[in-house]
A.B. asks: 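Okay, handing you the structure first.
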Amino acid sequence: MQWTLVIPLKPLARAKSRLADTVGDGERPGLVLAFAQDTVGAALACAEVSDVAVVTDDELAGRELAALGARIVPDVPGGGLNAALAHGAAVVLQNRPGAAVAALNADLPALRPAELSRVLAAATEFPRAFLPDTAGVGTTLLAAAGGRALRPAFGVDSRARHRASGATELALTGVDSVRQDVDTGADLRTALVLGVGRHTAAVSAGLPMPGTLDPH
């Protein structure tokens, strides 16, 4: 089964405010863009992925991610993360009824195509399925096969909310790169140890981040 991934990205200047204690306001937008570039690049390199739709109104991010091969979908609802995901999924299904669609976070800079492939392959066994984040509270991927509604419930306690919605939790090991999203400085340091993509590596190399572990 081939999947279309829907990746939401808020305007770069407003994204990842919880990184403020680690990265300055001037550098944070560039780092957020790098996360998204590495996420999209790895997703497009995944054997299970046919295409990627990024829902964003950020012009710079749109240009850079389109250059990688992503389709850019304007965030018409402007109603936050879940509204953006539902809109993106609807656009995909309008053009390709019955498509398998999965929502993926844009902040997975250590994402490995082979690990994402394992997650998506596992998701094909269920009508709707999700993967919890490393913290065990949130969600990094939500999949809906066979043209079913995605019904995203990202945000606070999304793991519990997706489980309550009837989605099956994927209990997989060895897919740390798909689970390691980056919201805080500690998350970023963990991602660096896992090994981030070239965009994040280049941007983070020039940032003063106290306590950062050397991935080498």
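Counting begins at 1 with the first residue of the sequence.
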A.B. asks: Once rounded to the nearest 0.5 Å, what's the spacing between atom OG of S204 and atom CZ of F35?
C.D. replies: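 It is 8.0 Å, given to the nearest 0.5 Å.
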A.B. asks: Find the distance between CG (L188) and CG (L31) and round it off to the nearest 0.5 Å.
C.D. replies: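 L188 atom CG to L31 atom CG measures 6.0 Å (nearest 0.5 Å).
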A.B. asks: Considering non-hydrogen atoms only, spot the tightest contact between D57 and D75 and give its length.
C.D. replies: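 Smallest interatomic distance, heavy atoms only, reads OD1-N, 3.0 Å.
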A.B. asks: Counting distance only, does the side-chain N/O of T56 pair as donor-acceptor with the main-chain N or O of L9 below 3.5 Å?
C.D. replies: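 The answer is yes, because a donor-acceptor pair under 3.5 Å joins these two groups.
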A.B. asks: When you measure from the side chain of R118 to the backbone N and O of T173, does any donor-acceptor pair fall under 3.5 Å?
C.D. replies: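 Checked: pair present.
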A.B. asks: In Å, rounded to the nearest 0.5 Å, how long is the span from CG of L120 to CD of Q2?
C.D. replies: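 Going from CG on L120 over to CD on Q2, the span is 9.5 Å.
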A.B. asks: How close do R161 and F154 get, counting heavy atoms only, and between which atoms?
C.D. replies: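 Looking at all heavy atoms of both residues, the shortest contact is NH1-O, 3.3 Å.
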A.B. asks: Return the minimal non-hydrogen interatomic distance between T124 and A121, and the atom names on each side.
C.D. replies: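 Answer, listing the atom of T124 first, then A121: OG1-O, 2.6 Å.
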A.B. asks: Should V203 and H199 count as side-chain neighbours, where that means a heavy-atom distance under 4.5 Å?
C.D. replies: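 Side-chain contact under 4.5 Å: no.
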A.B. asks: In Å and rounded to the nearest 0.5 Å, what is the CG to CG distance from L19 to D21?
C.D. replies: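 That separation rounds to 7.5 Å.
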A.B. asks: If you look at every heavy atom in L150 and A89, which pair is closest and at what distance?
C.D. replies: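 Nearest pair, atom of L150 first, then A89: CD2-CB, 4.2 Å.
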A.B. asks: Looking at V196 and A201, what are the two nearest heavy atoms and their distance?
C.D. replies: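 Scanning both residues completely, I find the closest heavy atoms to be CG2-N, 3.6 Å.
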A.B. asks: Decide yes or no on salt bridge (charged side-chain N to carboxylate O under 4.0 Å, His left out) for K16 and D187, but give the supporting numbers first.
C.D. replies: CA-CA 12 Å; K16 296 299 173 188; D187 294 335; over 6 Å; no
A.B. asks: When you group the ILVMFWY residues by side-chain heavy-atom contacts below 4.5 Å and let the links chain together, are V52 and L12 in the same group?
C.D. replies: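 Hydrophobic grouping puts L12 with V52.
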A.B. asks: Does R179 form a salt bridge (charged side-chain N to carboxylate O under 4.0 Å, His left out) with D176? I'd like the steps, not just the answer.
C.D. replies: CA-CA 5 Å; R179 300 183 63 196; D176 293 349; 5.2 Å; no
A.B. asks: Looking only at non-hydrogen atoms, find the nearest pair between A43 and L111 and report the distance.
C.D. replies: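 Closest heavy-atom pair between A43 and L111: N-CD2, 4.1 Å.
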A.B. asks: Hey, could you give me the CZ/CZ distance between R28 and R18, rounded to the nearest 0.5 Å?
C.D. replies: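 Between R28 CZ and R18 CZ, I get 12.5 Å after rounding to 0.5 Å.
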A.B. asks: Say whether L33 and L207 are linked into one hydrophobic cluster, either directly or through other cluster members, by side-chain heavy-atom distances under 4.5 angstrom.
C.D. replies: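 No.
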A.B. asks: Given 3.5 Å as the limit, does a donor-acceptor pair link the side chain of S177 with the main chain of R112, or not?
C.D. replies: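 At least one qualifying donor-acceptor pair exists.
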A.B. asks: Take atom CD of E59 as the centre, draw a 6.0 Å sphere, and report whether it contains more than 12 heavy atoms from other residues, nucleotides or ligands.
C.D. replies: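 No, because the 6.0 Å sphere around CD of E59 holds 12 heavy atoms or fewer from other groups.
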A.B. asks: How far does CG of L65 sit from CD1 of I7, to the nearest 0.5 angstrom?
C.D. replies: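 Answer rounded to 0.5 Å: 8.0 Å.
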A.B. asks: Hydrophobic clustering (ILVMFWY, side-chain heavy atoms < 4.5 Å, transitive) - are L104 and L172 grouped together?
C.D. replies: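 Yes, L172 connects to L104 through the hydrophobic network.
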A.B. asks: If we only count heavy atoms from C-beta on, is the R71 to N95 side-chain gap below 4.5 Å?
C.D. replies: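 Yes; the side chains approach each other to less than 4.5 Å.
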A.B. asks: If hydrophobic clusters are built from ILVMFWY residues whose side chains come within less than 4.5 Å, do L93 and W3 share one?
C.D. replies: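 No, because L93 and W3 fall into different hydrophobic clusters, even though each may have its own neighbours under 4.5 Å.
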A.B. asks: Is there a path of hydrophobic side-chain contacts, each under 4.5 Å between heavy atoms of I, L, V, M, F, W or Y residues, that connects L5 with V40?
C.D. replies: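 Shared cluster, yes.
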A.B. asks: Got a list of side-chain donor-acceptor pairs under 3.5 Å for residues 135-145, not counting sequence neighbours?
C.D. replies:
residue, atom, partner, partner atom, Å
T139, OG1, S158, OG, 2.9
T139, OG1, H162, ND1, 3.0
T140, OG1, V178, O, 2.8

A.B. asks: Taking atom types as modelled and ignoring hydrogens, do the side chains of S165 and R128 form a donor-acceptor contact shorter than 3.5 angstrom?
C.D. replies: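 A pair is found: one side chain offers a donor N or O, the other an acceptor, under 3.5 Å apart.
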